[in-house]
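Scroll down for the structure; my scribbles are underneath it.
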Amino acid sequence: MTSIEQYRALRREIDVRTGELEQMHARHLTCKPGCHQCCVNLSVFPVEFYAILEEMRRLVPAVELTLDPNASCAFLKQGCCRIYACRPMICRTHGLPVAFLNADTEEPEMSVSFCPLNFVDAEEDELSFGPDNSLNIDELNMRLYAANAQFLQEHPELRFGPSDRIDLRELVVRLQQMQVAAQRIE
Ligand code: SF4
Ligand code: SF4
């Protein structure tokens, strides 16, 4: 499996799992179109950047390419994500309870975080999280890291280091360059 295929498989798994968690926690989730306080400008690993770039290249006629420099994430328009179908992995987990190893505690331990707009009226026992009702973000990040490591091996010509990330806004520059190149060929 190529690294991009690995990334896409991981993303599909995340969509299935987040769909289950959304159903499970529906009563406590206030996420809806137009709510975007979780959206900020992001950087992503090269494997994710190039996978999204390839998807957006196919969607280009339908995607408006101008960015809003004043929005918390430049891909927002009237509070909605303009690249929703191909948004990064982290955006797909927004709002849900995510479990992670917290190194800030005396003894590192698993902690869970979620958007403060959600679970507002939850009872104490509904705030008890474990593997069955939360998303282990550390495990997903490790798999993303592994897919990215493979991508760097597949594409040494891109000269990325193991921790390099790319600003998501670069997508627009790259797409515009591709469009200009395509027009020249036509
Ligand atoms: S890419 Fe879309 S979902 Fe992700 S932060 Fe930006 S606007 Fe929000
Ligand atoms: S995660 Fe929070 S800010 Fe983001 S859509 Fe859900 S409720 Fe709104």
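Owing to the predicted nature of the structure, the values given are computational and were not obtained by experimental measurement. One-based numbering, in listed order, for ligands and for the atoms of each.
Side-chain N or O atoms of R174 include none that pairs as donor or acceptor with a backbone N or O of L53 at under 3.5 Å.
The shortest contact between atom 6 (Fe) of ligand 2 and any protein heavy atom is with C31 SG, 2.3 Å.
Atom 2 (Fe) of ligand 2 has its nearest heavy-atom neighbour, among C115, C35, P116, P33, in C115.
Only protein N, O or S atoms were considered, and those under 2.8 Å from atom 8 (Fe) of ligand 1 are C39 SG.
Every atom of ligand 2 is numbered from 1 in the order shown, and the set under 4.0 Å from a heavy atom of T30 is 7 (S). For ligand 2, the atoms closer than 4.0 angstrom to any heavy atom of N118 are 7 (S). Under a 4.0 Å criterion applied to the non-hydrogen atoms of G95, ligand 2 contributes the atoms 1 (S).
By the 4.0 Å N-to-carboxylate-O rule, R17 lies too far from E13 to be salt-bridged with it. A salt bridge links R11 with E55: the closest approach of a Lys/Arg side-chain nitrogen to an acidic carboxylate oxygen falls below 4.0 angstrom. Between D68 and K77 there is no salt bridge, since no side-chain N of the basic residue sits under 4.0 Å from a carboxylate O of the acidic one.
Checked by atom type, the side-chain pair N118/T30 shows a donor-acceptor distance below 3.5 Å.
Remark: S3 engages E154 in a side chain to side chain donor-acceptor pair (under 3.5 Å) (not counting sequence neighbours).
The aromatic ring centres of Y50 and H155 sit 6.0 Å or more apart. Close placement of the F119 and F129 rings is indicated, their centers lying within 6.0 Å of each other.
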